[in-house]
There are 2 protein chains.
Amino acid sequence: MPLKEDKKIVERSTRQQSSILEALYGVDEFKSAQDIHALLSKKKLKVGLATVYRTLQKMAEKEDIDAIKSVDGETLYRHCGQNDGHHHHLICSKCGLTITVEGPAIENWTEKVAKENGFREVSHKVDIFGVCKSCKKK
Amino acid sequence: MPLKEDKKIVERSTRQQSSILEALYGVDEFKSAQDIHALLSKKKLKVGLATVYRTLQKMAEKEDIDAIKSVDGETLYRHCGQNDGHHHHLICSKCGLTITVEGPAIENWTEKVAKENGFREVSHKVDIFGVCKSCKKK
DNA sequence: CTTTTATTGATAATGATTATAATTAGCAAT
DNA sequence: ATTGCTAATTATAATCATTATCAATAAAAG
Ligand SMILES: [Mn+2]
Ligand SMILES: [Mn+2]
Ligand SMILES: [Zn+2]
Ligand SMILES: [Zn+2]
């Protein structure tokens with residue numbers, strides 16, 4: 001008789017996951033789990049809050065979406081269509097307008113600083129918050 | 001009779017504030033409000049938790065101490081003796097070892113990126129997390 | 001269809017931070 | 001030394017985002 005088979009982790013696709021994905025892809029600002037949940041509710045799509053949290057985290061881990069922490073500690077997610085690799089953000093703290101930026105300059109700098117100090121497995125998070133031009137006018 | 005005098009906001013010094021200050025100056029790692037509160041309790045110094053929170057925030061606003069957000073969202077404070085101006089940190093996520101670093105490179109970069117995109121009142125927070133040399137050995 | 005178990009979701013629990021409101025205590029003037 | 005003003009403190013309740021539970025549901029495989 002065969003011993004316990006290797007557990008193979010099966011991925012299952014669900015309507016909930018699709019809904020969440022779709023909702024996030026529909027906006028191009030950073031949104032919190034709560035935001036997305038509210039957004040789905042408004043569309044009469046019933047998805048549990050816990051599921052929204054779980055799904056967004058999982059997608060962020062897989063790097064399918066970007067995650068940042070707002071100034072007041074909330075985790076925000078965003079789908080960054082045009083950009084696959086490592087990058088950073090310039091975010092308007094008034095309206096949420098987000099611009100994706102790349103920077104060999106900082107990449108090199110953090111690398112260098114870390115190396116000089118004998119650090120390994122370094123990660124950095126560089127997000128710039130400010131007020132965009134159109135918000136400045138008001 | 002004199003009308004109401006200009007309200008002068010008086011700063012009052014208290015034993016609580018001194019205790020908190022002292023506690024923070026005694027360590028050179030980033031500590032949370034809760035950490036400091038526990039630390040004071042251990043020393044039989046009774047200071048309300050709310051007071052610790054308030055005092056640390058106020059000191060951070062005044063730039064007397066540095067504040068960062070840990071990966072899991074906690075606000076951490078540290079007294080950075082040798083450095084007054086704007087700077088960043090290289091932090092060991094295992095042991096908390098913190099190295100203060102300055103970087104004209106990123107300063108210029110963020111400035112440039114912001115300007116190019118018409119952003120104003122920008123602020124950035126660049127903290128590098130990694131594993132220090134001695135932690136790597138273990 | 002049946003089995004397996006990943007996934008969901010209602011809800012309770014957590015945990016950091018903040019608000020409240022009554023009490024305490026600097027400090028300048030008397 | 002005493003008083004008055006009000007900043008500061010503190011115990012406590014309230015918030016609020018996020019996580020843990022765990023029974024119920026439903027993909028995917030056979
Ligand atoms: Mn980078
Ligand atoms: Mn800087
Ligand atoms: Zn804006
Ligand atoms: Zn270390």
Side-chain angles (χ1 to χ4, degrees), chain A residues 1-24 30-41 43-62 64-65 67-78, chain B residues 1-24 30-41 43-62 64-65 67-78:
Chain A
M1 93 191 121
L3 292 178
K4 194 180 297 240
E5 308 271 336
D6 305 68
K7 254 177 218 167
K8 65 175 71 171
I9 295 154
V10 200
E11 298 268 312
R12 296 178 186 180
S13 59
T14 65
R15 66 163 183 83
Q16 287 90 338
Q17 289 170 4
S18 313
S19 297
I20 294 166
L21 244 304
E22 224 169 90
L24 193 62
F30 279 96
K31 294 290 184 189
S32 70
Q34 311 256 8
D35 289 340
I36 295 296
H37 182 250
L39 218 149
L40 292 173
S41 296
K43 290 186 188 168
K44 309 297 180 196
L45 296 171
K46 294 190 198 315
V47 179
L49 180 57
T51 301
V52 177
Y53 271 102
R54 268 189 306 242
T55 303
L56 289 174
Q57 305 180 306
K58 206 170 295 177
M59 294 201 291
E61 273 169 32
K62 250 190 298 181
D64 287 347
I65 60 178
I68 63 169
K69 294 245 177 192
S70 75
V71 209
D72 41 87
E74 264 183 311
T75 303
L76 306 178
Y77 301 92
R78 175 177 182 246
Chain B
M1 82 188 130
L3 294 177
K4 193 180 295 241
E5 306 273 338
D6 306 70
K7 258 180 215 165
K8 61 173 77 169
I9 295 155
V10 199
E11 297 266 314
R12 298 176 183 181
S13 58
T14 65
R15 66 166 183 79
Q16 288 88 339
Q17 288 170 4
S18 314
S19 297
I20 294 166
L21 244 304
E22 227 170 87
L24 193 61
F30 279 96
K31 294 290 185 188
S32 69
Q34 309 256 8
D35 288 339
I36 296 295
H37 182 250
L39 216 151
L40 292 172
S41 296
K43 289 185 186 171
K44 310 295 180 196
L45 297 170
K46 294 191 199 314
V47 180
L49 179 57
T51 302
V52 177
Y53 270 101
R54 213 172 330 100
T55 303
L56 289 174
Q57 310 181 300
K58 206 170 293 176
M59 295 201 291
E61 273 168 33
K62 251 191 297 180
D64 287 345
I65 60 178
I68 63 169
K69 293 245 178 192
S70 74
V71 209
D72 40 86
E74 263 183 309
T75 303
L76 305 178
Y77 301 93
R78 175 175 182 248

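- Nearest to the side chain of Leu49(A), among dC27(C), dT18(D), dT17(C), sits dT18(D).
- Regarding contacts with the backbone of dC16(D), every side-chain N or O of Gln34(A) stays at 4.0 angstrom or more from both OP1 and OP2.
- The side chain of Ser13(B) approaches dC27(C) more closely than any other nucleotide in the set dA16(C), dA10(C), dC27(C).
- Atom CD1 in Ile20(A) sits roughly 8 Å away from atom P in dG9(C) (whole-Å rounding).
- Following rounding to the nearest Å, Asp72(B) (CG) and dT14(C) (P) show an atom-to-atom distance of 18 Å.
- Contact annotation: Arg15(A) side-chain N/O to dG9(C) OP1/OP2 distance is under 4.0 Å.
- The CZ atom of Phe30(A) sits 19 Å away from the P atom of dA17(D) (whole-angstrom rounding).
- In this structure, Leu21(A) and Ser18(A) have side chains that are not in contact, with every pair of non-hydrogen atoms separated by 4.5 Å or more.
- Note: CD (Glu74(A)) to P (dT17(C)) measures 14 Å, nearest angstrom.
- dA7(D) atom C1' lies 4 Å from atom CZ of Arg12(B), rounded to whole Å.
- When the side-chain nitrogen and oxygen atoms of Thr55(A) are compared with OP1 and OP2 of dT7(C), none of them lie within a distance under 4.0 Å.
- Residue Gln17(B) places at least one side-chain N or O closer than 4.0 Å to OP1 or OP2 of dT9(D).
- Side-chain atoms of Arg54(A) stay outside donor-acceptor range of the base of dT7(C), with no qualifying N/O pair under 3.5 Å.
- For Thr14(B), taking side-chain heavy atoms from C-beta onward, the closest of the listed nucleotides dT8(C), dT4(C), dA8(D) is dA8(D).
- Positionally, the nearest nucleotide of DNA chain D for Lys58(B) lies more toward the 5' end than for the other of Leu76(A) and Lys58(B).
- If you take NZ on Lys31(A) and CZ on Arg78(A), they are separated by 11.5 Å, rounding to the nearest 0.5 Å.
- Spacing between atom NZ of Lys69(B) and atom C1' of dA16(C) amounts to 10 Å, rounded to whole angstrom units.
- Close to dT17(C), at under 4.0 Å from its OP1 or OP2, lies a side-chain N or O of Thr75(B).
- Taking the side chain as every heavy atom from C-beta outward, Val52(A) and Gln34(A) never approach each other to under 4.5 Å.
- Considering NZ of Lys58(A) and CD1 of Ile65(A), their distance stands at 12.0 Å, rounded to 0.5 Å.
- Residue contacts shown for Ser32(B) are absent, as no nucleic acid heavy atom lies under 4.0 Å away.
- Across dT18(C), dA8(D), dT7(C), the shortest atom-to-atom separation from the side chain of Tyr53(B) is found for dT18(C).
- Between the OH atom of Tyr77(B) and the C1' atom of dA16(C) there is a distance of 11 Å, given to the nearest Å.
- Between the NE2 atom of His37(A) and the C1' atom of dT8(C) there is a distance of 12 Å, rounded to whole Å.
- Proximity of Gln57(A) to the phosphate of dT19(D): a side-chain N or O atom is located under 4.0 Å from OP1 or OP2.
- The side-chain heavy atoms of Leu40(A) and His37(A), taken from C-beta on, include no pair separated by under 4.5 Å.
- Counting heavy atoms from C-beta outward, Ile36(A) and Thr55(A) have side chains that stay 4.5 Å or more apart.
- Along DNA chain C, the nucleotide nearest Gln16(B) and the nucleotide nearest Lys46(A) are compared for position; the residue whose nucleotide lies closer to the 5' end is Lys46(A).
- Taking side-chain N and O atoms only, Thr51(B) has no distance below 4.0 Å to OP1 or OP2 of dA8(D).
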